[in-house]
**Student:** 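Can you read through this structure? Questions will come right after.
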Amino acid sequence: MSLDLSNYELRWPTSLFVAEGERILRSKGSSWEERAKWLMTEALVGTTAVADFEEIPSHKDPAADPWATTASRWGTAHQAGKDQCDWFDELIKRATELRHAAAPRPYWPRRHGSGLSHDDRTPRDTRQDFARLIGEFAGNGYLAEVFGEYCVDDHDDLPDASEAIERRLDIPDLWPLAPETWDEETFYGLIEVLHDLVSRPRKRWHHSHGGCGWHHSEFHNGPARILYRCKVNQLLREAGIEYELAAEGEDLGRLVAVTDDARSALVHRALNDSAPDIMTRIRHAIALFRGHDTTVESKRSAIVTLAGILEERRALIKDQIGKPDEGALFEIANRYDLRHRKADQRGDYDEAFLDWIFWWYLATVELTNRLIASRTAG
């Protein structure tokens, strides 16, 4: 069996789609097909993939062929299930070949200037877009674990969603969402709070009684938060907002300043390759420096934390780059108004200086990590 992937478009990060698909293939069980269809419904554009999957003969009703023997009926059902499994397995293995969904090219009004262009979006538009995005998450059951889910057969009161948000954000009456009422701080606060509340239902079932609808279960917050960060960060980028939700570190799920790819890669290495004895300090320094509410003082504190780590590794640095070059690394922190905060230290420098020294020190910490690793390996 060879799949034609040309009609499928992926709207999830590829790695997340693969991880959730592989989990379904590992677990299998009586409802694996429904889980697979739910994943494809969420992660792929449209219903084409689900329709192709359903066209593969599924487990048939044994009464469908009255002339078949018990053994042959079981064999038919088993083979049908295997064909579906093989199809889904190939889809997951070839996921890297799938096109990612992209916004359609502008239609006539935008191309000819008779409507708002992409660049004319206002902060208020972005808040409306965020509210719509959260509506999609809620509609797919991503808030059901915390907010509960209505059922015609369940007469218990649902949890108060607004109260659940207020407990975290100290702002009342934020649910249902009313983006036209938010100031910037409320908007950013909701982005962070809802990151912590979403949870992906890996299973759903349709309750037809009274038109009740879909019910969701088997929640997991890991995949939900990955997807949430991807969608929200894309929205922020398109709006020209220079913050993004952190994907790792002490400030996971909090808005941080956007950096270029090289510095993002440096942060990733520092957070993942540092020894346990300095990991907590590294995480704290990065969180202090890149938070959307960072201050000059918090940047200074981040630099001082990194300088302390480098001081502990001074002998290693001196051994590798030699004296007096090694001293230049610490002269900045000692002579300027950073570490010791003495009256004779210089403080008349632009805040951009703090950015430069932070990235220099973080890169040096990462360098010493690699030097230590190479010595250990040797």
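For clarity, every value in this text was computed on a predicted model and none was experimentally measured. All residue numbers refer to positions in the sequence shown, counting from 1.
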**Student:** Compute the centroid of each ring, for W356 and then for Y361, and state whether the two points are separated by less than 6.0 Å.
**Tutor:**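 No: the rings miss the under 6.0 Å criterion.
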**Student:** Going by distance alone, is a donor N or O of one side chain under 3.5 Å from an acceptor N or O of the other, for T259 and S264?
**Tutor:**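 A pair is found: one side chain offers a donor N or O, the other an acceptor, under 3.5 Å apart.
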**Student:** Test R11 against K231 for side-chain contact (heavy atoms from CB on, under 4.5 Å), laying out the working first.
**Tutor:** CA-CA 9 Å; R11 55 184 172 193; K231 298 288 187 181; 4.1 Å; yes
**Student:** Are S274 and N369 close enough that a side-chain donor and a side-chain acceptor fall under 3.5 Å?
**Tutor:**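 Indeed, the side chains of S274 and N369 share at least one donor-acceptor pair under 3.5 Å.
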**Student:** Under 4.5 Å between side-chain heavy atoms, hopping through other hydrophobics if needed: is there a path connecting V267 to L367?
**Tutor:**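 Cluster IDs for V267 and L367 differ.
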**Student:** Compare every heavy atom of V152 with every heavy atom of C212, then report the nearest pair and how far apart it is.
**Tutor:**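 Minimum heavy-atom separation between C212 and V152: SG-N, 3.5 Å.
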**Student:** Is a salt bridge present between K93 and E90, judged by a nitrogen-to-oxygen distance below 4.0 Å?
**Tutor:**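 Answer for the salt bridge query: no.
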**Student:** Salt bridge or not between D319 and R375? Use side-chain N to carboxylate O under 4.0 Å.
**Tutor:**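 Between R375 and D319 there is a salt bridge, with a charged N closer than 4.0 Å to a carboxylate O.
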**Student:** So does E163 pair up with R167, basic N to acidic O under 4.0 Å?
**Tutor:**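 A salt bridge links E163 with R167.
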**Student:** Can you find a heavy atom in the side chain of W12 that is under 4.5 Å from one in the side chain of L44?
**Tutor:**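 When only atoms from C-beta onward are counted, L44 and W12 do not touch, as no gap falls below 4.5 Å.
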**Student:** Is any side-chain N of the basic residue among R370 and D273 closer than 4.0 Å to the acidic one's carboxylate O?
**Tutor:**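 The answer is no: the pair does not qualify as a salt bridge.
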**Student:** Could you go through L306 and L362, starting from their C-alpha distance and side-chain angles, then the distance that decides it, and tell me whether this counts as side-chain contact (heavy atoms from CB on, under 4.5 Å)?
**Tutor:** CA-CA 7 Å; L306 297 181; L362 185 64; 4.0 Å; yes
**Student:** Has the side chain of T41 got a donor or acceptor atom that lies under 3.5 Å from a matching backbone atom of K37?
**Tutor:**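 Yes, T41 side chain to K37 backbone: donor-acceptor pair under 3.5 Å.
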**Student:** Distance from L255 atom CG to D251 atom CG, nearest 0.5 Å?
**Tutor:**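 Here the interatomic distance stands at 10.0 Å.
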**Student:** Could you check whether any side-chain heavy atom of V146 comes within less than 4.5 Å of a side-chain heavy atom of S199, counting everything from C-beta outward?
**Tutor:**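 A side-chain contact is absent here, since even the closest heavy-atom pair is not under 4.5 Å.
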**Student:** Among side-chain atoms of D52 and Y8, is any donor-acceptor pair under 3.5 angstrom?
**Tutor:**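 Yes, side-chain donor-acceptor contact under 3.5 Å.
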**Student:** Could you check if a side-chain atom of L5 sits within less than 4.5 angstrom of a side-chain atom of R99, using non-hydrogen atoms only?
**Tutor:**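 Side-chain contact under 4.5 Å: no.
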**Student:** Can R202 be said to sit on top of W38's aromatic six-ring, NZ or CZ under 6.0 Å from centre and within 45° of the ring axis?
**Tutor:**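 Not satisfied by the 6.0 Å and 45° rule.
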**Student:** Output the distance between atom CG (L310) and atom CD1 (I303), rounded to the nearest 0.5 Å.
**Tutor:**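 Reported value, rounded in 0.5 Å steps: 11.5 Å.
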**Student:** Which pair of non-hydrogen atoms, one from K203 and one from S31, has the smallest distance, and what is that distance?
**Tutor:**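 Heavy atoms of K203 and S31 come nearest at CE-OG, 4.0 Å.
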**Student:** Would you say the side chains of D129 and T126 form a donor-acceptor pair under 3.5 Å?
**Tutor:**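 Checked: D129/T126 side chains show no N/O donor-acceptor pair below 3.5 Å.
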**Student:** Are V258 and I241 connected into the same hydrophobic cluster when the rule is that any two of I, L, V, M, F, W, Y join if their side-chain heavy atoms are below 4.5 Å apart?
**Tutor:**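 No: no chain of side-chain contacts under 4.5 Å links I241 to V258.
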**Student:** Quick check: does any side chain N or O of N233 sit under 3.5 Å from a backbone N or O of R229, one acting as donor and the other as acceptor?
**Tutor:**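 Yes.
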**Student:** Looking only at heavy atoms, which two atoms of H220 and G222 are closest? And how far apart?
**Tutor:**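 The pair with the smallest heavy-atom distance is ND1-N, 3.1 Å.
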**Student:** Using distance alone, with no hydrogens and no angle criterion, decide if E9 and H100 have a side-chain donor and acceptor under 3.5 Å apart.
**Tutor:**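 Short answer, no.
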**Student:** If you define the side chain from C-beta out and look only at heavy atoms, does anything of W175 sit under 4.5 Å from D160?
**Tutor:**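 No; the side chains remain at least 4.5 Å from each other.
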**Student:** Taking the side chain as everything from C-beta on, heavy atoms only, tell me whether L174 gets closer than 4.5 Å to L190.
**Tutor:**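 Side chain of L174 against side chain of L190, heavy atoms only: contact under 4.5 Å found.
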**Student:** Give the cluster check for F219 versus V193: same hydrophobic cluster or not, with ILVMFWY residues linked at side-chain heavy-atom distances below 4.5 Å.
**Tutor:**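 Unlinked, F219 and V193 end up in two clusters.
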**Student:** Quick check: is V256 connected to Y243 through a chain of hydrophobic side chains (ILVMFWY, heavy atoms under 4.5 Å apart)?
**Tutor:**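 Different hydrophobic clusters.
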**Student:** Distance check, rounded to the nearest 0.5 Å: S217 atom OG versus W205 atom CH2?
**Tutor:**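 Atom-to-atom, S217:OG and W205:CH2 are 9.5 Å apart.
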**Student:** Between R23 and E218, is there a side-chain N and carboxylate O pair less than 4.0 Å apart?
**Tutor:**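 Yes.
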**Student:** Give the minimum heavy-atom separation between P172 and S162, together with the two atoms involved.
**Tutor:**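 Closest approach of P172 to S162: C-OG, 4.2 Å.
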**Student:** Around D260, counting heavy atoms of other residues, nucleotides and ligands shown, do more than 12 lie under 6.0 Å from its CG?
**Tutor:**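 Check passes, neighbour count above 12.
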**Student:** Once you round to the nearest 0.5 Å, how far does CD1 of I278 lie from CD1 of I282?
**Tutor:**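 Answer rounded to 0.5 Å: 4.5 Å.
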**Student:** Are N272 and E248 linked by a side-chain donor-acceptor pair shorter than 3.5 Å?
**Tutor:**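 There is such a pair between these side chains.
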**Student:** Take L288 and E250 through the test side-chain contact (heavy atoms from CB on, under 4.5 Å) and record every step on the way to the result.
**Tutor:** CA-CA 9 Å; L288 278 173; E250 183 180 286; over 6 Å; no
**Student:** More than 12 foreign heavy atoms under 6.0 Å from CG of D157: is that the case here?
**Tutor:**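 No, CG of D157 has 12 or fewer neighbouring heavy atoms, counting only those of other groups under 6.0 Å.
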**Student:** For E136, is there an ion pair with R132 - N to carboxylate O distance below 4.0 angstrom?
**Tutor:**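 No.
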**Student:** For the backbone of S298 and the side chain of T295, can you confirm whether one donor and one acceptor N or O come within less than 3.5 Å of each other?
**Tutor:**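 Checked: pair present.
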**Student:** Do W359 and F353 share a hydrophobic cluster, counting only Ile, Leu, Val, Met, Phe, Trp and Tyr and linking them when any side-chain heavy atoms are less than 4.5 Å apart?
**Tutor:**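 The answer is yes; both residues are in one hydrophobic cluster.
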**Student:** If the plane angle is over 60° it's perpendicular, under 30° parallel, otherwise tilted; pick one for F53 and F88.
**Tutor:**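 The rings of F53 and F88 stand perpendicular, inter-plane angle above 60°.
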**Student:** Please examine the side chains of R204 and H215, heavy atoms only from C-beta on, and report whether any two atoms are closer than 4.5 Å.
**Tutor:**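 Heavy-atom side-chain distance check fails, nothing below 4.5 Å.
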**Student:** Testing the basics here: between M40 and A49, what is the closest heavy-atom pair and its distance to 0.1 Å?
**Tutor:**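 Shortest heavy-atom contact: SD-CB, 4.1 Å.
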**Student:** Which atom names give the shortest non-hydrogen contact between A302 and A285, and what distance separates them?
**Tutor:**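 Nearest pair, atom of A302 first, then A285: CB-O, 3.3 Å.
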**Student:** Side chains of S6 and D4: donor-acceptor distance under 3.5 Å anywhere?
**Tutor:**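 The criterion, which ignores hydrogens and geometry beyond distance, is satisfied for D4 and S6.
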**Student:** Assess whether a salt bridge exists between E312 and R281, defined as any Lys/Arg side-chain N lying under 4.0 Å from an Asp/Glu carboxylate O.
**Tutor:**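 A salt bridge is present here (some side-chain N lies under 4.0 Å from a carboxylate O).
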**Student:** Give the C-alpha distance, both sets of side-chain angles, the deciding distance and a yes or no for side-chain contact (heavy atoms from CB on, under 4.5 Å) between F289 and T305.
**Tutor:** CA-CA 11 Å; F289 180 82; T305 299; over 6 Å; no
**Student:** Mind checking the CD1-CZ spacing from I134 to F137? Nearest 0.5 Å is all I need.
**Tutor:**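 Here the rounded value is 6.5 Å.
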**Student:** For the residue pair T368 / R313, report whether a side-chain donor-acceptor contact shorter than 3.5 Å exists.
**Tutor:**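 Their side chains do contain a donor-acceptor pair, which is all the 3.5 Å distance test asks for.
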**Student:** Under 30°, 30 to 60°, or over 60°: which ring-plane class applies to F187 and W182, parallel, tilted or perpendicular?
**Tutor:**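 Ring orientation of F187 relative to W182: parallel.
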**Student:** Is there a side-chain contact between R225 and D196, using heavy atoms and a 4.5 Å cut-off?
**Tutor:**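 When only atoms from C-beta onward are counted, D196 and R225 do touch, with a gap below 4.5 Å.
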**Student:** Given side chains that start at C-beta, do those of W87 and L3 come closer than 4.5 Å, heavy atoms only?
**Tutor:**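 W87 reaches L3 side chain to side chain.
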**Student:** Please find out if less than 6.0 Å separates the ring center of H216 from that of W214.
**Tutor:**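 No, ring centres 6.0 Å or more apart.
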**Student:** Should E20 and R200 count as an ion pair when the cut-off is N to O under 4.0 Å?
**Tutor:**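 Looking at E20 and R200, the cut-off is met.
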**Student:** So for atom NE2, which belongs to H209, do other residues, nucleotides or ligands contribute more than 12 heavy atoms lying within a distance under 6.0 Å?
**Tutor:**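 Atom NE2 in H209 is not packed in, count stays at 12 or less.
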**Student:** Look up atom CD in E55 and atom CG in D83, then write down how far apart they are to the nearest 0.5 Å.
**Tutor:**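 So the CD of E55 and the CG of D83 are separated by 13.5 Å.
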**Student:** E42 and Y142: side-chain donor and acceptor closer than 3.5 Å?
**Tutor:**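 Yes, Y142 and E42 have a side-chain donor paired with an acceptor closer than 3.5 Å.
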